[in-house]
Student: 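Can you keep this structure in mind? I'll have questions shortly.
As a basis for the values below, the full set of heavy atoms in this structure was taken, side chains included, without hydrogen atoms, waters or symmetry mates. Naming: A, B, ... by sequence-line order, numbering from 1 per chain.
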Amino acid sequence: MSLRVSMRAFSLSSRVCARSGSKFSFGDLSKVKLRAPIIPTHKNFDVSPDHPLWAFFPEGNNTETALRSGDELDMNSREWTFAELRRKSFEDLHKLWYLTLKERNILAREVRLAESLRYSRTQQHDALDEKLVTVQKRIKQVLLERQVAHERVQTFTQQQQQYLTEFEERYLNASEHEIVSFNEKLVRLQYAFFGIEPQLQDYDLEDINIKFVEGLSFVANLKVKRYLKQNPAQEQEFELPLNGVVEELPFLLRNVTEAIEEVKALRQSGESVKLDKIDVFPFLRSALSNAIEQEELDQ
Amino acid sequence: MPMRLRAEKKMRKHLIEQLKARKVLGARIAQGKNQSVEELQHEKNLGPQVFLFKNMFSGQVLYSQVPAFHQDQIDQQFVRPNWENRKPSRRSDLWRIMCVASFKDYEHARAAFRGLVQLRQARDVVQQKEAKALRKKNDDGNTWYAGQYRPTYSQEAVADLAHVIEEFNLEGTKLLWENAWRRGEDKHWRLDLVEHDTLPPFNPRDQSILLDEVSKLAVEEFAKLRQAEAVEAQTGVTESA
């Protein structure tokens, strides 16, 4: 009997030991004092003050309130008109589009926040957003107009030819004080009709096409003719027509007198050759890229 | 009904049993409830670590001694499911690693794991009311939630981890957090015992690869430490001699 009691006592005590005796055990779970949940905190890491998400707030990281009331919105503003937008360049329109979009995003975020706070007075936000939508629609419309105009010009080959002939005549007969404005007009014309960029650095060398060659020929001949008309003495020395793109290109890159000198030098050295059709584009590409590099070096 | 031969029926039964037996209930490496030190160290070649996985759907946290999980662990750690604390799914895309705790040795790692499981038992079963009192409530007096997500579960797991480390005095612990903000303020941690760090940024698709790498690093580090200790002991012996 005594043996049995002592055995039971032993087995009980051993079980208790197994339950709570270990160094690494909580023992009786009903006596453990549970801890409160640890709330995450942003203080553990730094956030850049110009975080991109600040673009969704009207004043960036200086914004005071997450949700502006209707009075704080600029309700006296008006949309950009078609007339104003038509005067803007593509770059300006592009910027304007994205400024509008950013503003709309800010408003959309505020309206969404108001929704989740069950704050229903967002009519003014919506009104302002509608104005911005109108601006975006008008920007698209203006761009569409330009695209249509551009495409229509491409189809007017006969009228183009007629216009070019008229322009040539007027250019050749222009007086000395008119020629500056005519030259400016020529720059716009060569861009509109032939896609020849006004600035050398804007040339896309991959995009040189047959139009470009035609334009080059037109511009060079125009300039030569005017020069020879102004200086009849040169007419004997300088023979026309120009011998293909090799002789035409100097007139696009330099002013007329320099170009004439260059062409003369080319003719004397025998480098002025009529290129085969297949060599025209590669020649123009390499010549233009050299010219661009040279210009960059000069700057 | 078409007539079936007895052999056919038998075959069918056999096949169904086979299919049931073949069903994969998680990573085989994580099978079994408690893994012994020998199993972890020698058979599976894993480091002294505990992995905390967070459920993206419900916010619940799963503890594991291996860089993977198994239905066995879910059954072990979510013993009293209710409408607020449902038994989570095994889907591997839902469990995102929250923290990897590396310990000084396997004893500590095992102690931490068992301590965490015990505290989960305390919260879910033994001291249900006390645990509930500590949680943030919504207007209806229920644990705060958005959809099915209850952030309190992962916050409790972090508190339990801090509790275990402090209770058992597990010095030399290194915690790798998926996001530094989860560890909360420093006042909750014994900074003489714990060192915090963050996991490298990873694509959730490659989570298992990341965990394998982390585990491999822990094994190497443990081996290095033991080697250094052995060298130290040897030099100590020679000096005393």
Student: How are the rings of B:W189 and B:H196 set to each other: parallel, tilted or perpendicular (split at 30° and 60°)?
Tutor: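 Because their plane-to-plane angle is over 60°, the rings of B:W189 and B:H196 count as perpendicular.
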
Student: Could you go step by step and tell me if B:E171 and B:D192 meet the side chain to side chain contact (heavy atoms under 4.5 Å, CB included) rule?
Tutor: CA-CA 7 Å; B:E171 58 181 3; B:D192 54 330; over 6 Å; no

Student: Is B:R80 paired with B:D124 through a side-chain N to carboxylate O contact shorter than 4.0 Å?
Tutor: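 Between B:R80 and B:D124 there is no salt bridge, as every charged N stays at least 4.0 Å from the carboxylate O atoms.
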
Student: Relative to chain A, which segment of B:A162 carries a heavy atom at a distance below 4.5 Å: side chain, backbone, both, or neither?
Tutor: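 Answer is both: backbone and side chain atoms of B:A162 are under 4.5 Å from chain A.
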
Student: Name the option with the most non-hydrogen atom pairs under 4.5 Å to chain A; the candidates are B:A157, B:P151, B:A122, B:G184.
Tutor: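 If we count pairs closer than 4.5 Å to chain A, B:G184 comes out on top.
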
Student: Which bit of B:N179 comes within less than 4.5 Å of chain A, counting heavy atoms only: side chain, backbone, both or neither?
Tutor: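 It is the side chain, since no backbone atom gets that close.
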
Student: Could you look at B:E166 and say if it's the side chain, the backbone, both or neither that has a heavy atom under 4.5 Å from chain A?
Tutor: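 For B:E166, the side chain is the part near chain A, not the backbone.
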
Student: Kindly indicate, with the supporting measurements, whether the criterion ring pair (Phe, Tyr, Trp, His ring centres under 6.0 Å) is fulfilled by B:F69 and B:F53.
Tutor: CA-CA 9 Å; B:F69 46 85; B:F53 293 94; 5.1 Å; yes

Student: Using non-hydrogen atoms only, which part of B:E156 is less than 4.5 Å away from chain A: side chain, backbone, both, or neither?
Tutor: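 Both parts, backbone and side chain.
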
Student: With only heavy atoms counted, which part of B:R123 is less than 4.5 Å from chain A, the side chain, the backbone, both or neither?
Tutor: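 Both parts, backbone and side chain.
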
Student: Flag the pair B:R226 and B:D105 as a salt bridge only when some basic side-chain nitrogen lies within less than 4.0 angstrom of an acidic carboxylate oxygen.
Tutor: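 Here B:R226 does not pair with B:D105 in a salt bridge, since their nearest N and O are not under 4.0 Å apart.
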
Student: Indicate the ring-plane relationship of B:W95 and B:F78, choosing parallel, tilted or perpendicular according to the 30° and 60° boundaries.
Tutor: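 It falls in the tilted class, 30° to 60°.
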
Student: Need one label for B:R182: side chain, backbone, both or neither, based on atoms under 4.5 Å from any heavy atom in chain A.
Tutor: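 Answer is both: backbone and side chain atoms of B:R182 are under 4.5 Å from chain A.
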
